[in-house]
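These figures come from a predicted structure and were not determined experimentally.
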Amino acid sequence: EHASVAISHGGHGTTVKALAAGVPTLVLPLGRDQPDVGARVEHSGAGLRLKQSAKPAAIAAAVADLLEDPRYREAAGRMAAAIGRDTATDMAVAELEAVAQDSKGATP
């Protein structure tokens, strides 16, 4: 929450934590689902995605863009608000408790 920009490989945990804090994100995917995560970050407007082979100058330019263009922080703020709404209540726990309660009344 104290960072101006997050830079990562686009792992789900790091990306969600950065966006939940409203921090614009630069993703340099290495593999697995990371290219897809990077594409979603870019599509949301909350950050940028570069190839893992990006040169230092390209990374520096992307970071400068994320810092200077307020649209990235605004989009990251929208993502933070959406994540906040989604995590305000623990729906998974409520749903599991409902299933457990329903199964107590079921006859085998």
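Ile7 is connected to Leu66 through a chain of hydrophobic side-chain contacts under 4.5 Å among Ile, Leu, Val, Met, Phe, Trp and Tyr, so both are in one cluster. In the hydrophobic clustering of ILVMFWY residues, with side-chain heavy atoms under 4.5 Å counting as a link, Tyr72 and Leu26 come out together.
Listed by chain and residue number, Glu42 satisfy the salt bridge (Lys or Arg N to Asp or Glu O under 4.0 Å) test with Arg49 (two or more places apart in sequence, or in another chain). Among residues two or more places apart in sequence or in another chain, the side-chain contact (heavy atoms from CB on, under 4.5 Å) test is passed with Ala75 by Ala46, Arg78. Contacts of Ala60 classified as side-chain contact (heavy atoms from CB on, under 4.5 Å), with partners at least two apart in sequence or in another chain: none.
Thr25 and Ala18 get closest at one heavy-atom pair: OG1-CB, 3.6 Å. Taking every heavy atom of both residues into account, Ala58 and Leu50 meet most closely at O-CD1, 3.8 Å. Closest non-hydrogen pair, Leu67 versus Val5, comes out as CD2-CG2, 3.4 Å. Scanning all heavy atoms of the two residues, the minimum distance from Ser4 to Pro24 falls at O-CD, 3.5 Å. Considering every non-hydrogen atom in both Ala80 and Ala20, the closest pair reads CB-O, 3.4 Å.
From Lys17, atom NZ reaches atom CD1 of Ile83 across 12.0 Å, with rounding to the nearest 0.5 Å.
Val27 pairs with exactly one of Val41, Thr14, Leu48 by the side chain to side chain contact (heavy atoms under 4.5 Å, CB included) rule, that one being Val41.
Checking side-chain atoms of Arg32 against main-chain N and O of Gly11 turns up no donor-acceptor pair under 3.5 Å. Checked by atom type and distance alone, the side chain of Arg73 pairs as donor or acceptor with a backbone atom of Gly22 at under 3.5 Å.
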